[in-house]
Every structure is written in structure tokens, then in C-alpha cells.
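Report on the structure given below.
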Amino acid sequence: MIKSIEELKQIRDKYKDVLQNREAEENKIRILVGMATCGIAAGARDTINAIVDEVHKENINNAVVVQTGCMGFCYAEPTVEVRFPGKSPVLYGKVDAERGREIVRRHVKNGEVISEWVLKG
Amino acid sequence: MPLRMELLVCGGTGCQASNSSRVLEVLREGIQEANLQEEVRVLMTGCFGFCEKGPIVKVMPDNIFYVEVDEESARKIVREHVIKGRIVEEKIYKEPETEERLPEQSSIPFYKKQIRIALRNCGKIDPENINEYIASDGYMALARVLTEMTPEEVIDAVKRSGLRGRGGGGFPTGLKWEATRKSKSDVKYIICNADEGDPGAFMDRSILEGDPHSVLEGMAIAGYAIGAQFGYIYVRAEYPLAIHRLRIAISQAREMGLLGKNILGTNFSFDVEIKIGAGAFICGEETALINSIEGGRGEPTVKPPYPAQVGLWKKPTNINNVETFANVPPIILNGAEWFSSIGTEKSKGTKVFALAGKVNNVGLVEVPMGITLREIIYDLGGGIKGGKKFKAVQTGGPSGGCIPAEHLDTPIDYDTLNALGSMMGSGGMIVMDEDDCMVNIAKFYLEFSCDESCGRCTACRVGNKRMLEILNKITEGKGEMEDLEMLKELAETVKDSSLCGLGQTSPNPVLSTMKFFYDEYLAHVKDKSCPAGVCTELLKYYIIPEKCVGCTACAKVCPVNVIHGEPRKVHVIDREGCIKCGECYRTCRFGAITRK
Amino acid sequence: MAKYDVDEVKLRQLEEYIDSIEQKEGALIGVLYKAQEIFGYLPKDVQLFIARKLGIFAAKVYGVATFYSYFTMEPRGKHVINVCMGTACFVKGADKILEEIKKELDIKDGNMSKDGLFTVDTLRCVGACGLAPVVMVDGKVYGRVKVEEVKGILDEYRE
């Protein structure tokens, strides 16, 4: 039973991020995780789940996490690419769950490129 | 664990008929097998509108839009896209002209010019889960109305928005609410007209299936504005899925306390009940609908008094249709000025059209008022099927008319369509090509009106029947010039003297085709020929000697043995005994038989 | 209680339903729905029974039953085939499909096959215009039906 407008708002906010995934806005930050066979073998699934979790925890609502195919950096899997709208993409290599979380906190949230993990193709 | 991916499967009637429920199962099984059920979710949503290309599966947040998904491609989507992040190219929408594959919904021309207000949640949320509706600001408009606005302010907002009834005539919604508010009575009713009977119109069904709560919320807001505590939804029995989803929505809303007593802790109470129709088109007329809810024959009564004064059980009653109610919550949340900034001078907002007939992309589109017919048919609809020539577009169902090519660039709203002898109606839009005979089309709609006339007043009951007899005469090649005059006179009489909307508008298909396609009528009457090759009695079958190889196939299938000729020699049809059944025409593999 | 020339058990079932309705005013259409669900159609005696139970004229019951196309006074076949005759289906040849079904079932008069297995009917727009022409058998929707496919669809329901 919802007894007040505040309670209604609470439910709305609780389920808001369920719908977050379904907003296809072009001006969002995209975080792409390479999920080809080699990526998965190297632990990309843990990485993507950690990133999704971190985005959620940090209340970041201008970013979407998308999986993608092989990016061709098999030696550096799992790979993660961060794309800010209108900026050139930044590609990170050997991103495990912990690095994934840090990329979300430092790069996605605060705009700081973590240069020591950046892959130079 | 938060979800990282969702697969939205269309659960509208169209896609379900193309087996989308099975696709959903296969996707779920595949995800279970890959042990991804904690991270990836499959859910059924309402209609995406792109019924032509169903079943539709949309992958979010990747924003990839798959069309015509079957069991096998569903497995492939799991294997390739969900697990490995590789897009399944062959199931992405392919633009017919450029052959370019367009993975994102927003880039597909069918969606480009759409503005989705009434359909805002269709294809985006799970209609059977009230939390998802709430998460997309659902019931916030009701909350605002109950806590911040007086009923008069609500009515004023709806008036200023310029919203007009989406079910037929286009009466200003705010004025209707105001009239019902001003009627003094202890009990008043809200009715949602979901008796969508126009053949070829299915927008109300899609809204009920895809976003039932938006209608309930709209009704509750109307209830608050006019001072009603109870509402009925009158829905067609032909829409079982819509009824099912509505039932779920009502019970969830009651459980949450968004319907029932003291909503959101205020002293406003409102509840809703479903009434199922029993198959009578006339019940879409508001007075007939009221008689039907009262358990009687759904016959219209004379207005005035209007339902706003004397309605259901003789109490003041406000009736709006599904799409109208669905527009109300966004108007409250975003403001009347936002809504009235969309559309034309006298028709504000958007209109949902059900695009069907001989057009490439059959489906549901929501477009701003003032868009042209050409934009809808060619840009959104992808043009005419099979590269044929456009002949006419029929709007407004049996109450509307046929609009020819020279008016394709008219910006459409309530008033321009009326001026063309058609009407907005509920929003059916049937595209016709060179193979459609306009006399036959007029006959089709008139047959519908004859069948559905309730018989109460003579003009409609007898007048339409006489008109139909004349049209039958014409399509059978027995028409004379006087018949055309009589037809027109009858049509105008029925229009002027019928009691309700059905009778008053039933001659429109005849009048509009006579106005724009008079030459086709003349061809039937004077030359005894049907230019489109539809009216069987007028057809003559010929064998084209240059194409006939003498295979004897036609002679074998002819039920009356009037095709003669030796094997490997050109055959001839003896038209004397030909019954025009068309078997030879369908059988010939060499295109050697033609009909005129 | 007057004698009715219909199945006793079914009549009892209908009676229980009517007794369970609190608000009898305006309940007629709902009662007819239930009666048709129980009996498959609305025989004369069932209509009389309903009239007496609800305390209204039999003429009113008959008037309502004949007004709405959903109600039927004829027994119906085991499977009900509905051909959509909405505009979209019509322009895509629904009439030819109907013709073929009747031909296949050898129905000349009326709309029930002689073996009582099928009833053929038309209805107005089921709203699946993207799949025109549409045929529904017992509520299952078949889309983009071609004349050649009719036999195969009917065979699914022939034991």
C-alpha cells in the first residue's frame, strides 16, 4: 500500500535504474567490454559484472555498459573501451574486476584517464 | 547483482501471432543454459508498432533492434550477441531501398519521425509489472493532481493543452470534463471507451496491451477533475490479451493503493471495473455504449441530453477513449504548453495511426498532428508494396473517406481531413494501390455499415441498404446513369437525417469515392468494365497468343470447359460460357492469361 | 420450477451463477456470456430461464441476444474458425480464404460443417493487420494465410 507521494517516489527511485538500461540516448558515455571467446576466457564476464555493479553503486546515470565482440587485442584481454560523447575513445587492457571498478570511479565518474592501463595499439 | 543486459520481446497480438512467446522461451532457455540469468533478463513488453517485421526483439542497453526473429535466430542471438557481444547481422532491419542494415531503432525510418506520447511506454516497459510503470514516472501525474491541484486547475490544464478526443469526432477533452464537472449529482461516472471497432484500427488495443496503467491513471485524473469515484472500461471481446493485461493492471493498482479508497492518503477514492462488449460496432457511439453497460441493446439515444448531464444510470458521465486517457498523464507532468507546442493550430499533440494495407511497413505510428500523408506513407511506411502505384488512402474507417494522390501533401489534422470528406476517426489508415477498385471499396465499407446499423432509425437502416443495392448493381455491370444520381441523393439524405454518428458518417466512403474517383464509377456504368480488375462480373479473360505455349493447363482446370486448343498450340477462351472463376488465370505459369 | 428442455446439470450451473450476482441490474449481458459458455449457444429455453431468473421480459433477453454478434442461437461446431474481414485483411484477399475454407469443409448453407467439427464465421478486425489476411481457429491466430495453406490449417484440428 502506498500511502503518500513520498512513498510513491521511493518506489520510483528504487526501480528507476531497472529502466536505465532501456534509455537509448546518444549522449551517454558508453563503456564497451570485449566479450569474444578470448575475452571471456580471460575473465571478461567478471569484469563486465563488476563494472555494471560499480556504475550502479556510484549512481552514475549517464553511462551504459555494453558488451562487444573481439577488439583484436588478444594479448591484453579483457579489454574495456570508454567512449565519452564527442571525444576519442580510450582503450584499456588487462582489465580485471578491480581495475574495472577503478575505471568507473576515476575515468567515467571523474573524467581522469588512467594512462598506465591504456593500451597503445 | 544489477542487470547488465535486457532482451525486450514484443508481446503484442501481432508478434504473438508470429510466435513471439516461443521466441521468449527459447531466449530464456538459452540464457539459463549459459548460466547468465543473474546478469541478463528476458521480458515481454507491449507493442513496438512495427508489426510487419515481427517478432521484434530489442537488446538493451546495446540498443540493437532485431526483426523477424524465429526460434533459430533466437538461439543465435543468445550464442552470438548475449554471450560474445557479436551482433547477428542477418536479423537486423534492412532498409529496402538502400539495402543498408540499420541496427538501432531510432535510425530506422519507420521510427524517425515519430513522437511517442500515448505510446511512450509501449515496447519499453513490462506491462504486467506496475513497478516499471511507476519507475517511468507512472502515477506521478495522479499524485501531483491530488496533492497540488484543484479539480478546476486540472480541467484548465487539459483545456489549455488543446487535447481533443482521439476516438472519432475530436471534441475538446477539457470542455467535456468541464461540462461533466458542472453537472450537479452525488454520483458521477468515468467511462473509457475501448470498443475499438473500426476495421484496420488497433492503436487502443496496443496501448491497453503495452501500457494499461497509463489509461487507468488518466481515468483516475479525470475522476478527480469531474468528481467521479467510479469508472468503467468498455472493451471489445475480440481483444482477449488486452483484457488480460487490464485485469492484472487493475489488481496491481488496487494492491498498491493507487486505485480504491483514499488514494495516496488523500480523501479521493476511485475504482475501475471492466465491461466486456459483445460484438457490436455501434457500441463505440457513447450513448449506445452506455445502454450496453446497462445491460440492454446497444442502441444510441438522442442527444441532448448529453452523457455529461444524463449518462450511465442517469448520472453525469464522462466518456473518453483509450488514447485520449493515455495522453493525460504526460500533459499534467510536462505542462499544457509543452503539449500544445506540438501539432497544428487547432489540433494539438500527436495521433497514433494504424498503418495497413498495401504499404511496406504495416504497423503503429505516433506522429505529430500536421504531418503529411506522404510522409506517413512513404517515409514511415516505406512506400507501396511491390513497387505498385498509389491510388488512395482511406482514413477514419467506415465513417471516413478515400483520399487520392493529389492530396497527399495535405498536413493532416481533424479539420483538414474533414474538409477532404474524410475524418480522423480512431486513426485507421489503409493504403490502396492500383489493384484496388474504389467502387468495390465503397461497397465494402457500406456492407460493414449495413451489418452494423442497429436498425433504430430508418435513414440508416433502409437508406444504407438501398445504397448497397445500387452499388451491387454497378459492380455487377447492371448500373445505369440514373443510379449514380440516386446513390448521391440517398447518401446525402442518410448523412443529414440519421440519429447517431454511425448513420451520419456511413455514406462518407461512397461520397468521397464518387468525388475523387468518379471516372471509375463511370467505367463500371458506361463501359461495363472495372479498371482495377477486381469486380469479377465485369472481367473478361483473354489469352495472349504470344505468351501461350499450349501447355493445356488452363483447359484442364476450366470447370466449364470453355478453353479450347491443341497441345503446343495457342489456346482460346470461348467467353460465351465463361463463368469468370479465374482458375485459368491462377493456373497459367507463363503469364499468358490476362483479364480486363 | 417450470420445465426447461435443456440439460439439467448445466441449467443448475447457470442458476448458481445468477444467484451469485449481487447487482442484478445491468447483469444481463454477463449472464448471457456465462450461459453461452456453459451451453455453447443460447437455446430458447435458456433465454426464458434467464428472463424469469432476472425478473425481466423474455423479449428483452431475446432483443439483447440477437443484437450482439457474439451471441448465437445455433449450436456451434467443436472448433470455431473466424476469418477476419477487417479492411486490411479484405484488401489482402480474406474473402478468397473464406471461400476456400467453405469449399474445403463442404459448407454450402449455414456455417457449420456436417460432421459438427467446424463452425466458420467472420469477424471484424482482430487488430493484427500487419499479418493480413488473418484466420483464427479457437482463438489461435494464423497470419499471412495463403489459399494453399487452408487445408493444412484445418488438418491440425481434424483428429
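Here is the naming used below: chain letters follow the sequence lines, and residue numbers restart at 1 for every chain. We use all heavy atoms of the structure for the numbers below, so side chains are in, but hydrogens, waters and symmetry mates are not.
Contacts of B/Glu452 with chain C are made by side-chain atoms alone, with heavy-atom separations under 4.5 Å and no backbone atom involved. Neither the backbone nor the side chain of B/Ala354 comes within contact range of chain C; no heavy atoms are under 4.5 Å apart. At a 4.5 Å heavy-atom cutoff, the contact between B/Arg297 and chain C is made by backbone and side-chain atoms alike. Neither the backbone nor the side chain of C/Met136 comes within less than 4.5 Å of any heavy atom in chain B. At a 4.5 Å heavy-atom cutoff, B/Cys15 makes no contact with chain C through either its backbone or its side chain.
Side-chain contact between B/Glu447 and C/Met85 is absent, with no heavy atoms from C-beta onward closer than 4.5 Å. Proximity of B/Ile441 to C/Val91: side-chain heavy atoms (C-beta onward) are separated by under 4.5 Å at one or more points.
Atoms CG and CZ, from C/Leu123 and B/Arg236 in turn, are 8.0 Å apart once rounded to the nearest 0.5 Å. To the nearest 0.5 angstrom, C/Tyr68 atom OH is 3.0 Å from B/Ser292 atom OG. To the nearest 0.5 Å, atoms CD (B/Glu238) and SG (C/Cys84) are separated by 9.5 Å. To the nearest 0.5 Å, atoms OH (C/Tyr70) and CD1 (B/Ile276) are separated by 8.5 Å. Considering CD1 of B/Ile282 and CZ of C/Phe67, their distance stands at 6.5 Å, rounded to 0.5 Å.
Ranked by heavy-atom pairs shorter than 4.5 Å toward chain C, the options B/Phe444, B/Tyr445, B/Phe281, B/Phe202 are led by B/Phe444. Top candidate by heavy-atom pairs under 4.5 Å with chain C, chosen from B/Phe50, B/Trp313, B/Phe448, is B/Phe448. The candidate from B/Ala237, B/Gly428, B/Gly296, B/Gly363 with the greatest count of non-hydrogen atom pairs under 4.5 Å with chain C is B/Gly296.
Within a 6.0 Å sphere centred on OH of C/Tyr62, heavy atoms belonging to other residues, nucleotides or ligands number 12 at most. In C/Asp19, the CG atom is crowded: over 12 heavy atoms of neighbouring residues, nucleotides or ligands sit closer than 6.0 Å. For B/Glu434, the CD atom sits in a packed shell: over 12 heavy atoms of surrounding residues, nucleotides or ligands are nearer than 6.0 Å.
When every heavy atom of B/Gly279 is checked against every heavy atom of C/Ser69, the shortest pair comes out as O-OG, 2.8 Å. Of all heavy-atom pairs between C/Arg144 and B/Glu52, the closest is NH2-O, 2.9 Å.
Heavy-atom proximity under 4.5 angstrom to chain B picks out C/Glu25, C/Gly26, C/Leu28, C/Ile29, C/Tyr33 from residues 24-38 of chain C.
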